[in-house]
Amino acid sequence: MLLFIFILFFLLLYRASASEPGLFQEDHFTKDYELPLRGFFTLVIVYHHLSQYLTEPGPFLPLQEAGLLCVAIFFFYSGYGVMKNALAGKSYFHHYFVRRYSKIFVPFYLCNMIYLAVYFFTGERFGLGLSLKYLLGIRLINPQSWYIIVIALFYLVFFLCFHLIRKPSVSLLVLAAFQIAFPTYCMVRGPGIALFQGDWWFNSSSLFLVGVILARYEDRIMAISRKSYLFWLGLSALLFLFLFPASIRVKDQIEALLINEQIFVKEMLDNWISFIWQTLAVISFTAFVFLLTLKIRFSNRFLIFLGNHSFELYLIHGLFLEILRGETVYVASDFLYTLLVLSCSLAACWALHTPFRFLTGIPGRLLLLLDKSCSASGVRSRRPAEK
């Protein structure tokens with residue numbers, strides 16, 4: 001099993017390059033720079049989910065807590081990206097929902113169909129009502145796809161904050177208020193299998209706000225980061241090494257402190273204290289990654305492939321986690337199971353990429369044609385008056 005861990009680190013470090021002393025990566029936040037990192041963290045998420053299915057995790061054991069960190073990076077990049085685009089021009093919000101939602105929901109619904117079809121042919125029967133709920137995403141047939149629901153909600157809130165509210169400071173305050181209200185709502189719903197039930201729905205979501213803030217004040221933050229680079233890099237690393245293990249231990253410690261509290265009060269305090277520790281941990285981790293990649297570029301053709309196919313890989317790998325250890329097929333060997341999950345997931349994401357990309361682009365192409373048609377109609381309608 002150590003072989004798979006070696007492969008993971010090899011993929012990250014292969015052909016990595018560092019800037020010369022005193023210089024920094026100028027294209028730090030471009031799409032080409034971010035893409036390999038997105039691919040790597042998506043693969044770590046696959047490893048994270050694998051660690052929960054293995055009979056003896058062994059070297060995969062540390063990865064059982066790594067999912068929180070990887071998803072935090074995705075929230076961070078998403079928040080940064082939408083804020084950066086919004087600052088670039090008011091036209092960004094034109095067809096905002098079609099552009100944003102088609103990219104996430106078209107693959108989401110297509111994968112729901114694939115999951116239902118595969119489960120049907122392997123003998124699983126859900127009934128018409130439950131099948132429709134799975135297909136529409138009212139219930140998640142793929143539990144790992146919860147991120148799609150959350151990021152769609154955050155895109156909506158971002159639109160309301162930064163398009164409808166004209167004062168940037170007020171927009172940030174409203175978004176910050178939502179970042180408090182959202183986890184509170186999930187905590188009140190408690191654990192379960194329905195939407196927004198479970199701490200994974202919110203425990204890394206604060207990084208969306210952090211990404212928005214970085215984009216809003218990027219020049220100032222970058223100037224501070226570069227001026228005292230080694231100090232901030234070392235501080236973020238030390239904070240992460242302290243906060244992340246502490247955020248894992250804190251839940252057991254809280255239980256002893258709140259033994260005499262009422263059940264609801266106890267659960268809410270427990271959840272909020274854990275959430276605060278987790279938030280501090282993921283902020284320190286994201287800060288460390290952000291600062292490290294100011295100097296070091298992690299990029300090679302394997303990571304670029306993973307980055308280009310990250311969304312398909314994220315959505316489809318859960319299918320192989322289930323069916324390769326299901327009732328019809330059960331791969332007992334952890335090594336063989338891991339090899340098959342990774343191989344099948346990578347092959348499937350490669351096969352799905354082109355059709356998903358084509359289908360995802362249909363709404364945008366239709367809107368483009370509609371815009372051109374409306375524009376042409378407007379020109380023709382003015383000609384008689386102009387004469």
Okay, side chain of [X], backbone of [Y]: is any donor-acceptor separation there less than 3.5 Å?
X      : Y      : value
His309 : Phe305 : yes
Tyr155 : Ser78  : no
Arg216 : Ser169 : no
Lys103 : Gly361 : no

**Prompt:** Are side-chain N/O atoms of Tyr80 and Glu218 paired as donor and acceptor at under 3.5 Å?
**Reply:** yes
**Message:** Whether the Gln278 and Ser247 side chains hold a donor-acceptor pair (N or O, under 3.5 Å, no angle test) is what I'd like checked.
**Reply:**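 Absent: no donor and acceptor within the cut-off.
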To the nearest 0.5 angstrom, please state how far the [atom1] atom of [X] sits from the [atom2] atom of [Y].
X      : Y      : atom1 : atom2 : result
Phe290 : Ser236 : CZ    : OG    : 10.0 Å
Glu124 : Leu116 : CD    : CG    : 10.5 Å
Leu68  : Trp200 : CG    : CH2   : 13.0 Å
Lys133 : Leu140 : NZ    : CG    : 12.5 Å
Leu172 : Leu209 : CG    : CG    : 7.0 Å
Gln64  : Phe60  : CD    : CZ    : 11.0 Å

**Asked** Hey, are the side chains of Arg365 and Phe358 touching, using non-hydrogen atoms and a 4.5 Å cut-off?
**Response** yes
**Message:** Measuring only between side-chain heavy atoms, which start at C-beta, is Asn308 closer than 4.5 Å to Ile304?
**Reply:** yes
Within 6.0 Å of [atom1] in [X], more than 12 heavy atoms from elsewhere:
X      : atom1 : answer
Arg15  : CZ    : no
Phe6   : CZ    : no
Trp272 : CH2   : yes
Arg220 : CZ    : no

Centroid separation [X] to [Y] less than 6.0 Å:
X      : Y      : value
Phe202 : Phe275 : yes
Phe182 : Phe154 : yes
Phe244 : Phe285 : no
Tyr53  : His49  : no
Tyr134 : Tyr115 : no
Phe356 : Phe311 : no

**Request:** Kindly give the cluster partners of Phe120, where membership spreads through any ILVMFWY side chain lying under 4.5 Å from a current member.
**Result:**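 ILVMFWY cluster around Phe120 also holds Phe121.
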Parallel, tilted or perpendicular, as decided by the 30° and 60° cut-offs, for the rings of [Y] and [X]:
X      : Y      : answer
Tyr101 : Phe105 : perpendicular
Tyr314 : His317 : tilted
Trp201 : Phe196 : tilted
Phe158 : Phe208 : perpendicular

**Request:** Return the minimal non-hydrogen interatomic distance between Glu312 and His353, and the atom names on each side.
**Result:**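 Residues Glu312 and His353, closest heavy atoms: OE2-ND1, 3.1 Å.
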**Request:** Of all the heavy-atom pairs spanning Ala215 and Lys84, show the shortest one and how long it is.
**Result:**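 Ala215 and Lys84 have their closest heavy atoms at CB-N, 3.9 Å.
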**Request:** Scan Val212, Ile165, Leu164, Leu160 and name whichever one has a side chain to side chain contact (heavy atoms under 4.5 Å, CB included) with Ser171.
**Result:** Ile165
**Request:** Under the side chain to side chain contact (heavy atoms under 4.5 Å, CB included) rule, collect the residues that match up with Leu292, sequence neighbours excluded.
**Result:** Leu233, Phe288, Ile296, Phe298
